[in-house]
There are 2 protein chains.
Amino acid sequence: MKSDKISDAVVRRLPVYLRFLNELSHREVLTVSSQELGQKLDLNPAQIRKDLAYFGDFGRKGIGYDVSYLIEKIRQILNLDQQINVALVGAGNLGQALSNYNTYVKDNMRIIAIFDDSPDKVGQKVKDITIQPIDELEKTVRDKHIKIGIITVPDVEAQRVADQLVAAGIEAILNFAPTILKVPSGVRIHAADFTTDLISLAYYLQGGKE
Amino acid sequence: MKSDKISDAVVRRLPVYLRFLNELSHREVLTVSSQELGQKLDLNPAQIRKDLAYFGDFGRKGIGYDVSYLIEKIRQILNLDQQINVALVGAGNLGQALSNYNTYVKDNMRIIAIFDDSPDKVGQKVKDITIQPIDELEKTVRDKHIKIGIITVPDVEAQRVADQLVAAGIEAILNFAPTILKVPSGVRIHAADFTTDLISLAYYLQGGKE
DNA sequence: TAGATTGTTAATCGATTAACAATC
DNA sequence: TAGATTGTTAATCGATTAACAATC
């Protein structure tokens, strides 16, 4: 089966597969079955086969999936066969932590610009990237072909920053601010606000309702 | 309708409602309809009414929901009417950023202990909390009635830390490491790994398949 | 060949949305 | 009273899982 509309739930599992496949590759495992994948990733094997089958026939009956081949294919699907430039807006604690992180470099994703408006931040360096004022955002995003924006500014500034990113032609946003952002339908947005997650965990505590 | 089994999707929306209701309360808005909530939060009004109705009859027909009353009720549902102690394991960049964050204090959630094993971190202070070695985790968690653990250690250490948290009697874990953790069924775990989110965004970039 | 495992269809399960009587 | 909005049932939609023929 080739692509209909692929649901977001499917797309979000692809990086999970990729990560584990990379680990297998590192351990020089050549082949893996949906069964084994399911066990490790806590997913139903049928679901994994179905997810992958949306994009092509990557497996071999009776054998399973060739690890390197599947890595290559998933990387293509996720556009990770080309470099993807990312901008980060908001160089506070969290923003700086994310920049330093940059594990995703091996996945061809790279934060190549950082913006912040506070005067004591502008001009400072975070790991060889100089923090720029936000009014340079639009030009830099265009000039450097930045496709994804990460928002780590405070709550109240998030929508304004999102608008600027959109105006600059960004295609996707990862939003760490605890606000629902309104963006045009062409722009993809994912909420990454962990406080929501953390607070929802409280529901499950004993002494509360089960 | 009173509680059957409430799905995780419902529980995760409660903090979203709560946050916006707090904002309304701050603006001294007294009453809100599911219509208005839905508009602001990008959710279907029927879904909001249904979510709330799982827990009780909080609204008034023809009127809507009393903001303060609904805040009180959601806080009860989420156990936020009592203080919830949180431990953070891993005082790297991200861990320190999260500790400094502590917006959730107003929601009665508080990081009250931080653990790390690297010798240059132990004994240091992060905002009046002294970083402790991980082998003090179990005792501290028990003594201080810590119920939730946040994991911000590297990948390879995450499962070991999770095991220790579980052994110490923690009830829920927020995991920032990009690994699927195995925990006993009594323990609630949420994945908060933003690299997965970020990478999945790449799928939606133009020049890739739509 | 016999055993394993895929790709895919059909069945199931669960979550979202529509519709509306009840009622403020 | 007329208009608004809830709580809830029924309808819809979509995602997960089971099952199995195809085939390595």
Side-chain angles (χ1 to χ4, degrees), chain A residues 1-14 16-17 20-21 24 29-74 77 180 191 200 203, chain B residues 1-14 16-17 20-21 24 29-74 77 180 191 200 203:
Chain A
M1 188 196 290
K2 285 280 142 117
S3 56
D4 285 273
K5 291 276 156 49
I6 310 293
S7 88
D8 192 47
V10 174
V11 174
R12 278 167 187 268
R13 282 190 293 266
L14 296 178
V16 177
Y17 301 153
F20 182 61
L21 288 164
L24 289 177
V29 176
L30 298 180
T31 276
V32 68
S33 68
S34 60
Q35 176 94 197
E36 297 169 79
L37 281 167
Q39 204 142 58
K40 278 295 183 177
L41 303 177
D42 261 337
L43 296 170
N44 182 296
Q47 181 169 63
I48 295 173
R49 295 200 297 280
K50 201 161 200 263
D51 284 356
L52 296 174
Y54 282 118
F55 302 100
D57 289 3
F58 301 147
R60 285 209 295 158
K61 291 177 172 142
I63 310 287
Y65 299 89
D66 180 279
V67 172
S68 320
Y69 181 69
L70 192 52
I71 287 174
E72 189 195 325
K73 285 302 177 186
I74 294 180
I77 294 163
I180 310 296
S200 75
Y203 174 81
Chain B
M1 188 196 290
K2 284 281 142 118
S3 56
D4 287 273
K5 290 277 154 49
I6 311 293
S7 87
D8 193 46
V10 174
V11 174
R12 279 169 187 267
R13 282 191 292 268
L14 296 179
V16 177
Y17 301 153
F20 182 62
L21 288 164
L24 289 177
V29 176
L30 297 181
T31 275
V32 69
S33 68
S34 59
Q35 177 93 196
E36 297 169 79
L37 280 168
Q39 204 140 59
K40 279 294 184 180
L41 303 177
D42 261 337
L43 295 170
N44 182 297
Q47 182 170 62
I48 294 172
R49 294 201 298 280
K50 201 162 201 262
D51 282 357
L52 297 174
Y54 281 118
F55 303 100
D57 289 3
F58 301 146
R60 285 211 295 161
K61 292 177 172 141
I63 311 285
Y65 298 90
D66 181 279
V67 172
S68 321
Y69 181 68
L70 192 51
I71 288 175
E72 187 193 328
K73 284 303 175 184
I74 295 181
I77 294 163
I180 311 295
S200 75
Y203 174 81

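Just so it is clear: chains get the letters A, B, ... in the order the sequence lines come, proteins before strands, and each one is counted from 1.
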For a quick test of reading the model, state the closest non-hydrogen atom pair linking A:Leu21 to A:Val67 and the distance between them.
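For A:Leu21 and A:Val67, the tightest heavy-atom pair comes out as O-CG1, 3.6 Å.
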Which pair of heavy atoms, one from B:Leu37 and one from B:Phe20, lies closest together, and at what distance?
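Heavy-atom minimum between the residues: CD2-CD2, 3.5 Å.
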Would you kindly give the [atom1]-to-[atom2] distance between [X] and [N], to the nearest whole Å?
X       : N      : atom1 : atom2 : result
A:Asn44 : C:dT8  : CG    : P     : 17 Å
A:Tyr65 : C:dT5  : OH    : C1'   : 9 Å
B:Gln39 : C:dT17 : CD    : P     : 15 Å
A:Ile48 : C:dT5  : CD1   : C1'   : 13 Å
B:Gln47 : C:dA19 : CD    : P     : 17 Å
A:Arg49 : C:dT5  : CZ    : P     : 10 Å
A:Leu37 : C:dT5  : CG    : C1'   : 12 Å
B:Ile6  : C:dG14 : CD1   : P     : 14 Å

Using the criterion of both pairing distances under 3.5 Å for Watson-Crick and G-U wobble pairs, give all stems of 3 or more consecutive pairs involving DNA chain C.
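Stems (3+ consecutive pairs) listed as C:3-24 with D:3-24.
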Taking only the side-chain heavy atoms of [X] (C-beta and beyond), determine which of [options] contains the nearest atom.
X       : options               : result
A:Ala9  : D:dC20, D:dG7, D:dT16 : D:dT16
B:Lys50 : D:dT8, C:dA10, D:dG7  : D:dT8
B:Ala53 : C:dA18, C:dT8, D:dG7  : D:dG7
B:Arg60 : C:dC24, D:dT9, C:dT6  : C:dC24
A:Ala46 : C:dT6, C:dT17, D:dA18 : D:dA18
B:Lys61 : C:dT8, C:dC24, C:dA15 : C:dC24

Return the [atom1] to [atom2] distance between [X] and [Y], rounded to the nearest 0.5 Å.
X        : Y       : atom1 : atom2 : result
A:Tyr17  : A:Leu52 : OH    : CG    : 6.0 Å
A:Tyr69  : A:Thr31 : OH    : OG1   : 13.0 Å
B:Tyr65  : B:Asp57 : OH    : CG    : 9.0 Å
A:Ile180 : B:Gln39 : CD1   : CD    : 13.5 Å
B:Ile74  : B:Phe58 : CD1   : CZ    : 7.5 Å

Side-chain N or O of [X] closer than 4.0 Å to phosphate OP1/OP2 of [N]:
X       : N      : answer
A:Ser34 : C:dT6  : yes
A:Ser7  : D:dG14 : no
A:Arg13 : D:dT16 : yes

Do the side-chain N and O atoms of A:Arg49 and A:Ser34 include a donor-acceptor pair separated by under 3.5 angstrom?
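Yes.
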If each of A:Ile63 and B:Gly64 is mapped to the nucleotide of DNA chain D with the nearest heavy atom, which maps nearer the 5' terminus, i.e. the 5' end?
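Its nearest nucleotide being more 5', the pick is B:Gly64.
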